[in-house]
Amino acid sequence: MKRKVAIVWIIAAFLLGAGGMFAGGRYWLGAGQLGQSDSATKESDLQKIEQAYDLIDSRYVKDVDDRKLVEGAIQGMLGTLKDPYSAYMDKETATQFQQSLDSSLEGIGAEVNKVDDKLIIISPIKDSPAEKAGIKPNDQIVAVDGKSVADLTREEAVLKIRGKKGTFVTLDIKRPGTDGTITFKIKRDTIPMLTVFSSVKKENGKDIGYLQITSFSEDTAKEFTSKLGELEKKDISGLIIDVRGNPGGYLESVESILKELVTDKKPMLQIEDRDGKKQKYFTDLKERKPYPIAVLIDNGSASASEILAGALKEAEGYPLIGVKSFGKGTVQQAVPMADGSNIKLTMFKWLTPDGNWIHQKGIEPTLEVKQPAYYYATPIQFEKTLSFNDNNEQVKSAQQLLNDLGYETGRKDGYFSKETESAVKTFQQTNKLEATGKIDKQTAEAIQNKVIEKIRSSENDLQLQAAVKLLAK
C-alpha cells in the first residue's frame, strides 16, 4: 500500500509542476523561479491515476516494475503535449547526456531534433565528421546502426549516435527530393569546440569584417568579443555575421553578444509565459556600431541564431541575407528530478523585438539568395565500383557532382554512358589517379572532396558574396 501511495504522489508531484521539489531553479534570462501551478490537481484525477495503477499492479498478466510504471506515466503525459522539445530522461540517460556535453565531446557533430515525430538534422557542425560525410540540414535519420529510431526520443537517439573517437556509426537518411534512403558510415571524432571564426573580405577597396558563429557555447560570447575587437583594430568598413548552419546553444551566450550590437531603443527579445504575459529584455547600449552590419542565415539557423538574426533585423534594421531560417521560438527549462532523472519542459515562447513569434515559421531574409545546386547534392554512397553500362542512383549522384566540377558527363539520368566514362577518365587524370574510367572508392572520395573544397571556397558562396557587395557599396 505504501508503495502504491508513493508512486501516485510522484506522478501527482509532476502534475502539480513539482513546485516544492524544484524551487530555486531559474528560468533562462532570470525570468523567475519555478513555482506552484495555478490550480491543484483535482482529486478525481489522482483517483483515476490510482485506479489505473491498482488495475495494472494487481491484474496484469505479468509482474510489473514500479519504476517503469512511473516513467511510462511521465512519458505519456509529455507525449500528449506533441512538443518535440519537451522530453523525459531517466537517471541513466540524464547522466550520460550530461557527460556528453562536456568539453571533450566526441561524436559526429550534428544537431538533431524531433519534428513531426521525425528525427531531423538541423545542421552539421563546421568541420565535423557529419559535415565532411555530406550530411545536410533537413536530412531525416530513420535508423542508427540498422535499428529504427521511430520510437526513440531525441535524447535517446543522440546518445546512440554519439560515441568514442575512432569508432563508426551508420546512419540511414531520407533526404528531401530524393527517393529511398542514403546510408552514411561516419567515423566519430572530437568535435571542434571553437565557435567563432574571423577573416577580412576585400571589395571595392574596402575591408569587410567577417565573423562566423558555428554554435552558441559557454565561451562563444568571449570569442566573439575578442575576434570583433581584432577586426575593429583593422578599421573595417562593415561586418558580416554568419549564423548559417548554427543550430543554437546557450541563450545567455547570444544575449551577451546582442548587448554589443543592439541599442536600448527596442528590446533585443521578449519572453512570453503561458498566461500571455510578456517581459521585454533591453541592452544598455546607446550607440550603434560605426559601420553597417549584415547577417547570413539559412534553414540550418535555429534557436539562438534566430534570436540574434531577429534582433538585428527588427531592432536595428540590419539586413538578413540567405534563405528562411529553421523556426524554433520556444524556451526550455531542464528540471532535475529527485531521483536523478530529468524533465526538459517548454515553459516560454520567445518573441522578436516587434513581438513576432517565429516558431515553425522561421525568419525571412531581407535579401533572398540561394546557393548553387551542388551545395545540396547527394554524395556518392560507394558500395561497389561503378562502370560503363551501370544504371543506378549512385551513378546519377556521380554525374551530378562531376558536372558541378566542370566535367561534362553527357547523360545525367543514372546511366553510365561512354560520355560519363570519358568524364571520369578526365577527372582521374586531372587529379593524378589511375585513369580507368571507373568510379572506385578512391575516385568517389576524390570527387566528394573536390565538391567540399568548392563549397568551402568563398568565391562560390553566393550568399557571402551578396553580403560583401551590399556592405561595400
Side-chain angles (χ1 to χ4, degrees), residues 103 109 111 123-128 131-132 190-250 252-262 283 285 288-298 300-302 304-309 311-313 316 318-322 325 365 369 371 452-473:
S103 59
E111 179 71 13
S123 182
I125 296 172
K126 179 182 173 66
D127 291 332
S128 66
E131 184 194 53
K132 293 174 182 177
T190 302
I191 306 306
M193 297 309 293
L194 287 176
T195 59
V196 183
F197 301 84
S198 67
S199 62
V200 174
K201 313 296 180 184
K202 295 185 179 293
E203 182 76 14
N204 293 337
K206 295 182 178 180
D207 289 341
I208 307 298
Y210 172 80
L211 287 175
Q212 181 186 27
I213 308 174
T214 59
S215 66
F216 290 91
S217 72
E218 188 174 357
D219 295 325
T220 297
K222 293 179 182 178
E223 291 180 44
F224 181 89
T225 299
S226 175
K227 297 288 186 182
L228 179 58
E230 292 173 4
L231 289 175
E232 289 179 335
K233 289 178 181 178
K234 297 177 181 178
D235 196 26
I236 55 175
S237 300
L239 176 67
I240 297 169
I241 302 176
D242 187 352
V243 290
R244 293 175 297 176
N246 183 328
Y250 290 112
E252 293 86 351
S253 180
V254 70
E255 178 193 22
S256 296
I257 291 173
L258 288 176
K259 287 179 179 179
E260 299 187 50
L261 303 173
V262 175
T283 73
L285 190 66
R288 286 164 54 120
K289 291 291 185 180
Y291 46 76
I293 297 175
V295 183
L296 295 175
I297 61 170
D298 65 7
S301 305
S305 294
E306 293 174 297
I307 290 176
L308 183 140
L312 294 180
K313 179 183 181 182
E316 298 299 330
Y318 294 133
L320 308 184
I321 299 169
S325 64
V369 180
Q371 298 287 45
I452 292 174
E453 185 180 309
K454 188 172 184 178
I455 289 173
R456 289 179 176 174
S457 171
S458 60
E459 294 178 0
N460 301 313
D461 188 337
L462 300 183
Q463 294 167 344
L464 175 58
Q465 293 303 319
V468 171
K469 287 179 170 40
L470 181 66
L471 296 184
K473 287 183 178 178

>> I'd like to know if the side chain of S457 reaches the main chain of E453, judged simply by a donor and an acceptor atom lying under 3.5 Å from each other, with no hydrogens or angles considered.
In response: no
> Can you name the residues that form a side-chain contact (heavy atoms from CB on, under 4.5 Å) with I125, not counting sequence neighbours?
Replying inline: S128, I191
> Is the shortest heavy-atom distance from the side chain of I208 to the side chain of I236 under 4.5 Å?
Replying inline: no
>> I'd like to know if D461 pairs up with K201 as an ion pair, taking the criterion as any Lys NZ or Arg NE/NH1/NH2 lying under 4.0 Å from an Asp or Glu carboxylate oxygen.
In response: no
> Does any non-hydrogen side-chain atom of V254 lie less than 4.5 Å from one of I213?
Replying inline: no
> If we only count heavy atoms from C-beta on, is the L471 to I240 side-chain gap below 4.5 Å?
Replying inline: yes
> Does a side-chain heavy-atom distance below 4.5 Å link E218 with Y250?
Replying inline: yes
>> Holding to side-chain contact (heavy atoms from CB on, under 4.5 Å), I want the full list of residues that pass it with R456, two or more places apart in sequence or in another chain.
In response: D127, E131, K132, I452
>> Tell me every residue that passes side-chain contact (heavy atoms from CB on, under 4.5 Å) with E111, counting only those two or more places apart in sequence or in another chain.
In response: I122, R154, P247
>> Between L261 and K289, does the side chain to side chain contact (heavy atoms under 4.5 Å, CB included) criterion hold? Intermediate values first, please.
In response: CA-CA 7 Å; L261 303 173; K289 291 291 185 180; 4.2 Å; yes
> Taking the side chain from D207 and the backbone from K202, do they hold a donor-acceptor pair closer than 3.5 Å?
Replying inline: no
> S198: what forms a side chain to side chain donor-acceptor pair (under 3.5 Å) with it, not counting sequence neighbours?
Replying inline: none
> If you look at every heavy atom in L320 and A309, which pair is closest and at what distance?
Replying inline: CD2-O, 3.7 Å
> Is Q371 reaching over with its side chain to a backbone N or O of L462, donor-acceptor style, under 3.5 angstrom?
Replying inline: yes
>> Under the rule for side-chain contact (heavy atoms from CB on, under 4.5 Å), what residues qualify as partners of E230, not counting sequence neighbours?
In response: S226, K227
>> With a 3.5 Å distance limit and no angle check, can you tell me whether Q465 reaches the backbone of S458 through a side-chain donor-acceptor pair?
In response: yes
> Is the closest side-chain heavy-atom distance between Y291 and D235 below 4.5 Å?
Replying inline: no
> Between V262 and L312, does a side chain to side chain contact (heavy atoms under 4.5 Å, CB included) hold up when you go through it step by step?
Replying inline: CA-CA 7 Å; V262 175; L312 294 180; 3.9 Å; yes
> With distance as the sole test, does N246 use its side chain to make a donor-acceptor pair with the main-chain N or O of G248 at under 3.5 Å?
Replying inline: yes
>> To the nearest 0.5 Å, what is the distance between CD1 on I257 and CD on E223?
In response: 9.0 Å
>> Within this structure, what is the CG-OG distance for the pair L308 and S325, rounded to the nearest 0.5 Å?
In response: 11.5 Å
>> Quick one, L228 with L211, criterion side chain to side chain contact (heavy atoms under 4.5 Å, CB included). Give me CA distance, side-chain angles, the key distance, then yes/no.
In response: CA-CA 8 Å; L228 179 58; L211 287 175; 4.0 Å; yes
> Heavy atoms, side chains only, cut-off 4.5 Å: are D242 and T214 in contact?
Replying inline: no
> Does L464 reach the side chain of Y210, with side-chain heavy atoms less than 4.5 Å apart?
Replying inline: yes
>> Quick check against the 3.5 Å criterion: does S256 have a side-chain atom that pairs as donor or acceptor with the backbone of A221?
In response: no
>> Can a side-chain donor-acceptor contact be found between E260 and T225 if the only test is distance below 3.5 angstrom?
In response: yes
>> Tell me every residue that passes side chain to side chain donor-acceptor pair (under 3.5 Å) with S217, counting only those two or more places apart in sequence or in another chain.
In response: T220
>> I'd like to know if the side chain of R244 and the backbone of G300 have a donor-acceptor N/O pair within less than 3.5 Å.
In response: no
> For T195 and F216, what are the C-alpha separation, side-chain angles and deciding distance, and is it a side chain to side chain contact (heavy atoms under 4.5 Å, CB included)?
Replying inline: CA-CA 7 Å; T195 59; F216 290 91; over 6 Å; no
> Atom OG of S305 and atom CG of D298: how far apart are they, to the nearest 0.5 Å?
Replying inline: 9.0 Å
> Checking Q463 side chain against L296 main chain: does a donor-acceptor pair fall under 3.5 Å?
Replying inline: no
